Amino acid sequence: MSHYEPLKIEEKWQAIWEKEKPFAAKDDDKRPKKFVAEMFPYPSGAGLHVGHVRNFSIVDCVARFYAQNDFNVLRPFGYDTFGLPAENYAIKTGTAPQDVTLVNIENFRKQAKRLGYAIDWSREINTSDPKYYKWTQWCFLQLFKKGLAYQAESYQWWCPVDQTVLANEQVENGHCWRCGCEVEKKKMKQWFFKITAYADELLDEIDSLDWPDKIKTMQKNWIGRSEGAEVKFKIKDSKEEITVFTTRPDTLYGATFMVLAPEHPMISKIMTEDVRKKVKQYCDDAIKKSEIERQENKEKTGVFTGAYAINPLTKKEIPIWVSDYVLMGYGTGAIMAVPAHDERDFAFAEKFDLPIVKVIEKPEDSDDDSKCYHDEGTLVNSESFNGMNSAEAREKIVEWLEKEKIGQKKVTYRMRDWLISRQRYWGCPIPIAYDKNGNPHAIPEDQLPVMLPKVDDYKPDKSGRSALAKCEDFLKVTIDGEEMTRETDTLDGYACSSWYLWRYTDPHNDKEAWGKDKVNYWAPTDVYVGADHAVAHLLYVRFWCKFFADEGYLNFREPVKKLLYNGYINAPDGKKMSKSKGNVIDPLDVINQGYGADTLRTYELFIGPYDQKANWNTSAIGGVYRFLNRCWSLAFETKYNKEDKNKVIRNRTIKKVTDYMYSNGYNTAVAAMMEFVNELYKEGANKEDVDVLARMLKPFAPHLACEMLEKLGAKDDLWPSYDESALFAEEVEVVVQVNGKLRARVNVPAEDAEDKEKLEAAAKSDEKIKQILSDHSEIKTIVIPRTHLVNIVVKQ
RNA sequence: GCCCAAGUGGCGGAAUUGGUAUACGCGGCGGACUUAAAAUCCGCUUCCCUUACCGGAUUAUGAGUUCGAGUCUCAUCUUGGGCACCA
């Protein structure tokens, strides 16, 4: 060979890895373990994207680095295959999603192998494989048995294009996360997972996670805990009561009216005959409106029900209104309005001319100049509570409410339960059947999996049911001798991905979802890498982890120790790559152009900090190729030095690169190796220089590194260690400043570097410094910090 | 509107606890090799003044703390992200 030929080298090593399977994880190893994984991909027909390559290459870098540091490493791979793209493709072309999926997986696997990832291929999983989804159904049944999977009828997000309901987490600013269309509200009976049962723990444990703050904040906001009180209000001339939620019980004396959400069930019971038509019209209109429309129009609208509630403290009658600024899904769907101290209530009161009573005195030092003061202060107009501050009054008023049995402390969450039914074919069937009375029954575990039948027509029908509703054979089932009808909805794909990390630890188990010994050995996942799903998947997987820990199937309560959230790769112009814009870079094209996988992988790690977005730069990849070419030349073309000229820089480089690997500074790790190689080009390299280089290169460019190590006759690939004593040269450069400005550099022997007197003498003896000092009469002080720096401060 | 993060050359970006700002790469310029080109190798490349030396300025802007500030404090501007009628 006369020059670096990446494609040849890569083919050679990939064949060796295929045969020898060096990345197979051992379940019975005594060494400490590391479990690293990416968020498994959806295998689209388009194949791997450069975004996948960045994501997988980070995982590979972590996994190989740990392996080289003698950890027992599990680095699996899998495919998240249920979902709409395959189904929509099936509707368009008539091809079964089962078949398309297998073709796409095959393609993904082939491409991932071309990138040389250190994957344990014996553990591949596919969520649409009945051997896998059997256990997804089992998971559902465990939740069902404990009452954490339940049915409820209410208004749900409905995507009119995809013809299915969506979870709150899948609605972004009123738009469907997948197709981008405006979502609608539809009243339906649906299945939910009771994630709110774990709201407190999900919130409280966020702080202990080694996750990016960005994600932690998003999850905290999403859960949105607020502490307050529920208060029952009697309705005038009626036996009915309405409960409101408030975080400000201290303002109860200022509650001058009440507002209900248009969906509130009490409206029809309390409204008076004269306004019945008007109220009904308002509610119907509001419910029909999209959430976008409801939010766009901040101008308050509303209608009076004709009914009055009694303020439990003032005993005054307060009018009950309906307005769409009150949301049915939060709190109780009813509020006590305190216009003097809440901006929304204030706007409503002004518009409809409702009374405003001040009950909190604004402190004198407050710079709040809005018309209604919404912070805390001293109570006024509140009878026996006057003079108390807000915090104290809150306690006392809630105490009084509890004594009178008309209220209590209450914690409310912004997060709602997780809606998991989907009216689509290509998903995991929900293992439920209904008896004649419509009561749900679990499919017995010994009848799992409930197989997803092959059908000819994948379209959901107009009634809002999946294609399974047309499948007679599928529908009929007998449980305990009773004929029942199967559920035709399928599970949200996020259910399938809520437990896959544990399946990786025991992927072929046909007796249980995972073996306890294996899962507790490998999991929790030490490093998890992804670029998406901040509040959906990453919240759901935490929820299931806590549930299965409570059930005794796991001995840990958080599934992911360290989360790396990598940035996207955009087109050179900074825009998102997309087929329609024609700006997609195909990683296989880059490899086949002659750059090879090693260059592509190293480039994507060098392009910038892993957690920032980056724009593809077609010419910058050439620089990385040149670097690897130089590494190759050092090993194969250069005559090695006999003496050890590069001891200091070699040891410094090992230290730098090792530190960067631990702090995920992959771009700077590559830069440090480049610097080292440039130096070796100047000075010539000895065998040890090249050996160290190859070992450090391995997580980035494994094929080339193996080729180099083979040439050197290395016995192992262990990560190199450095010699503390070899980090400093015989002479050190000392920077001399005058009044903080760099004026000279002087060299002193290394042993003098800590000696302040010698440093000062060396600095003063420099010709240029002498010159400057002769122009100034007086030296005020000389500062010599620990570093190699002398700062002479003179009188100006 | 509220909360958070970040602003460094022509570009992507480096810079341990406050201690040589601009590492590394791209792009650009010059040179070697070559009949020529590609590839490869070597050198220069923050800005201003200068043939060069010397010098001066510079980490969004303005102030402050310090012997010394990209890094700390305050204010302003800009960008990105999150939340947003959540009572």
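In what follows, chains carry the letters A, B, and so on, assigned in the order in which the sequence lines appear, proteins first and then strands, with residues in each chain numbered from 1. Below, each value reflects all heavy atoms present in this structure, side chains not excepted, and no hydrogens, waters or symmetry copies. The structure presented is a predicted model; accordingly, all values stated were derived computationally and were not measured.
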One pair to check against side-chain hydrogen bond (donor to acceptor under 3.5 Å, both in side chains): A/Asp611 and A/Asn566. What are the steps and the verdict? CA-CA 4 Å; A/Asp611 56 349; A/Asn566 67 277; over 6 Å; no
Could you state the atom-to-atom distance from CE of A/Met218 to P of B/A5 in whole Å? 16 Å
Could you check which nucleotide pairs with B/G27 in any of the strands shown, counting Watson-Crick or G-U wobble with both distances under 3.5 Å? B/U45
Go ahead and name the base partner of B/A60; Watson-Crick or wobble counts if both distances stay under 3.5 Å, otherwise write none. B/U76
Side-chain N or O of A/Lys741 closer than 4.0 Å to phosphate OP1/OP2 of B/A57: yes
Search all heavy atoms of A/Trp211 against all heavy atoms of A/Leu538 and return the closest pair with its distance. CH2-O, 3.9 Å
Compare side-chain N and O positions of A/Gln737 against OP1 and OP2 of B/G19 and report whether any pair is under 4.0 Å apart. no
A/Arg743 CZ - B/C54 C1' separation (whole Å): 11 Å
Between B/C67, B/C83, B/A87, spot the one nearest the side chain of A/Asn221, thanks. B/C83
Does B/A36 pair with anything, Watson-Crick or G-U wobble, both distances under 3.5 Å, and if so, with which nucleotide? none
Distance in angstrom units between A/Asp324 CG and B/A87 P, rounded: 17 Å
Using both distances under 3.5 Å as the test, list the Watson-Crick or G-U wobble partner of B/C83, or none. B/G1
Separation of A/Asn739 atom CG from B/C67 atom P, in whole Å? 11 Å
Please tell me which of the listed nucleotides, B/A87, B/G19, B/C41, lies nearest to the side chain of A/Thr246? B/A87
A/Arg394 side chain vs A/Asp250 backbone, donor-acceptor pair below 3.5 Å: no
Once side chain to side chain donor-acceptor pair (under 3.5 Å) is applied, do any residues pair with A/Lys655, and if so which ones, sequence neighbours excluded? A/Asp659
Counting side-chain heavy atoms from C-beta on, which of B/U20, B/A87, B/G82 comes nearest to A/Leu327? B/A87
Check the orientation of A/Trp321 and A/Phe352. Use parallel for under 30°, tilted for 30 to 60°, and perpendicular for over 60°. tilted
With the side chain defined as heavy atoms from C-beta on, A/Asn629 is closest, among B/U40, B/A87, B/U20, to B/U40
I'd like to know if A/Lys300 reaches the base of B/C85 with its side chain, counting only an N/O donor and acceptor under 3.5 Å. yes
Contact class for A/Thr781 vs. all strands (heavy atom < 4.0 Å): base, sugar-phosphate, or nothing? nothing
Aromatic plane relationship, A/Tyr330 with A/Phe245 - under 30° parallel, 30 to 60° tilted, over 60° perpendicular: perpendicular
Taking atom C1' in both B/A75 and B/A21, compute the distance separating them and give it to the nearest angstrom. 25 Å
So what does A/Leu789 hit on the nucleic acid, given a heavy-atom distance under 4.0 Å: a base, only sugar-phosphate, or nothing? base
Using OP1 and OP2 only, check whether a side-chain N or O of A/Tyr325 sits under 4.0 Å from B/A87. no
Quick one: which residue pairs count as a ring-ring contact (aromatic ring centres under 6.0 Å, His included) with a foot in residues 662-685 of chain A, not counting sequence neighbours? A/Phe65-A/Tyr662
Rounded to whole Å, the CG-P distance (A/Asn791 to B/C67) equals 10 Å
Could you run down nucleotides 22-33 of chain B 5' to 3' and tag each one B, S or - for protein heavy-atom contact under 4.0 Å? -BBSSS------
Determine the contact category for A/Val326: base if any of its heavy atoms lies under 4.0 Å from a base atom, sugar-phosphate if only primed atoms, P, OP1 or OP2 are that close, otherwise nothing. base
With no hydrogens and no angle check, is any side-chain donor or acceptor of A/Ser390 less than 3.5 Å from a backbone partner on A/Gly377? yes
